[in-house]
Amino acid sequence: MTEDAPVIPPTPGAELYTAAATHSRTAWRCAESAGHNGLRAWIRSVQSLIAYWQQDHRQAAELARAGLPYTDSGTIAARLLSLEARATAALGDSASALRAVEAAEAARSAVAAVDLPGVFTFPEAKQWTYAGTALLALGSQRHVNRAIEASSRAIALYESAPQQEQSSGDLLAARLDLANAHLAHGDLDGVQEKLAVVLDAAPDRRTASISTRLRALSTRLAEPAYADSPLVLSLRENVREACSRPALTNPPELPQ
């Protein structure tokens, strides 16, 4: 008799995406009326995020690209290109994803103007978080190795930043990407180490984004290749228990 896969509750926050999309369309009309390119570009980045977490990766990539003509200063081009990289990687478009990752790095190095503070700033650490997710999604061992470097760099940058500039959500996301990368290499001890940090995090740090990533990892751990591993069985139970607890209900990664 085989063990049934754990029952994972549905993704939280889904009902808020529609409201977020409605607000973003209103904001777009305001930006159009004002003729403000910076706001146009930033709103396209928010709309791309909404589409990505609604699993519409093609629309997410198109919206990110649609914002690029409006980029005129600051880090918004790096943000949009990073969003495009992650979305196209989810579509399996390796060429577009790699091009966007490299273009985002070039855009970062070309930044001269200073961003407005708060949500309009795209930190370098977040850029490496996105790059790690994109590279990991491409699947090959070469890209997985690059994903490990990117996610590790994101963690190092966040942990060396002032407390108010650290993103707990991005830190947990980067560690989950590292857990998946170790799983791709068959390193179950590495999976356990990275996953432990996420599972031990305070409940108020676990957003809908982290719950979504945990569900995806749970699915991978349920693959037949790991059926005889007591360690994987324990990890799956720990993930199941974590996902049974309510997460924050805000749509993941939307500016707050």
Side-chain angles (χ1 to χ4, degrees), residues 13 16-91 93 96-135 137 150 154 157-158 165 167 169-170 173-174 207-209 212 250-256:
L16 299 180
Y17 295 127
T18 300
T22 299
H23 286 304
S24 74
R25 288 191 293 271
T26 301
W28 176 260
R29 288 195 290 271
C30 293
E32 288 276 81
S33 297
H36 196 295
N37 279 344
L39 189 55
R40 286 184 179 114
W42 185 78
I43 292 167
R44 286 300 189 222
S45 75
V46 173
Q47 291 174 327
S48 177
L49 275 175
I50 296 168
Y52 181 85
W53 289 110
Q54 288 178 311
Q55 303 300 312
D56 190 346
H57 300 131
R58 192 169 305 282
Q59 178 74 352
E62 291 173 356
L63 285 164
R65 293 184 186 119
L68 289 171
Y70 303 110
T71 58
D72 48 16
S73 64
T75 59
I76 185 60
R79 183 194 294 268
L80 288 163
L81 288 162
S82 297
L83 291 168
E84 180 188 353
R86 193 172 62 168
T88 51
L91 290 169
D93 185 350
S96 294
L98 292 172
R99 176 197 57 75
V101 167
E102 293 169 2
E105 292 183 35
R108 167 75 58 181
S109 64
V111 170
V114 177
D115 290 308
L116 292 173
V119 298
F120 296 103
T121 298
F122 185 59
E124 183 181 0
K126 183 180 283 289
Q127 182 169 336
W128 286 109
T129 303
Y130 284 11
T133 299
L135 292 164
L157 285 170
Y158 270 129
E165 296 178 12
S167 167
D170 285 339
T207 64
S209 167
T212 298
N250 58 294
E253 294 187 64
L254 298 186
Q256 299 177 38

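The basis for the numbers below is simple: all heavy atoms, side chains too, and nothing from hydrogens, waters or symmetry mates. Since the structure is predicted, the reported quantities are computational estimates derived from the model, not experimental observations.
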Sub-6.0 Å ring centroid separation between Trp53 and Tyr17: no
Taking every non-hydrogen atom, the tightest pair across Ala150 and Leu135: CB-CD1, 4.4 Å
Partners meeting salt bridge (charged side-chain N to carboxylate O under 4.0 Å, His left out) with Glu32 (sequence neighbours left out): Arg40
Test item: Arg58 side-chain N/O and Ala87 main-chain N/O as donor-acceptor pair under 3.5 Å: no
side-chain contact (heavy atoms from CB on, under 4.5 Å) partner of Ser48, the single match among Asp56, Ile43, Leu63, Leu80: Leu63
Distance-only donor-acceptor hits, side chain of residues 96-107, under 3.5 Å, sequence neighbours excluded:
from: Ser96; atom 1: OG; to: Asp93; atom 2: OD1; distance (Å): 3.3
from: Ser96; atom 1: OG; to: Asp93; atom 2: OD2; distance (Å): 2.7
from: Arg99; atom 1: NH2; to: Glu84; atom 2: OE2; distance (Å): 2.3

Check: Arg79 side chain, Ala64 main-chain N or O, donor-acceptor pair, under 3.5 Å: no
Atom of Asp72, atom of Asn37 and distance for their closest heavy-atom approach: OD2-CB, 3.7 Å
Minimum heavy-atom distance between Ser82 and Gln127, given as atom pair plus value: OG-CG, 3.4 Å
Exercise: identify the closest heavy-atom pair between Pro123 and Thr121: CD-O, 3.4 Å
From Thr75 atom OG1 to Lys126 atom NZ, the distance as rounded to the nearest 0.5 Å: 11.0 Å
Set of side-chain hydrogen bond (donor to acceptor under 3.5 Å, both in side chains) partners for Thr129, sequence neighbours left out: none
Arg25: side-chain contact (heavy atoms from CB on, under 4.5 Å) partners, not counting sequence neighbours: Ala21, Thr22, Arg29, Gln47
Results of side-chain contact (heavy atoms from CB on, under 4.5 Å) for His36 - residues two or more places apart only: Ala34, Leu39
Over all atoms of both residues, closest heavy-atom pair of Arg44 and Ala66: NE-CB, 4.1 Å
Smallest separation among heavy atoms of Ala41 and Thr71, with atom names: CB-CG2, 4.1 Å
Rounded distance (nearest 0.5 Å) linking atom NE2 of His57 with atom CZ of Arg86: 8.5 Å
ring-ring contact (aromatic ring centres under 6.0 Å, His included): pairs with one or both residues in residues 61-83, sequence neighbours excluded: Trp28-Tyr70
Donor-acceptor contact below 3.5 Å, side chain Trp128 vs main chain Ala174: no
Rounded distance [0.5 Å steps], OG in Ser209 versus CG in Asp170: 8.0 Å
Validation row: Ser45, Phe122 side chains within 4.5 angstrom (heavy atoms): no
Near-ring test Tyr52/Tyr130, centroid separation under 6.0 angstrom: no
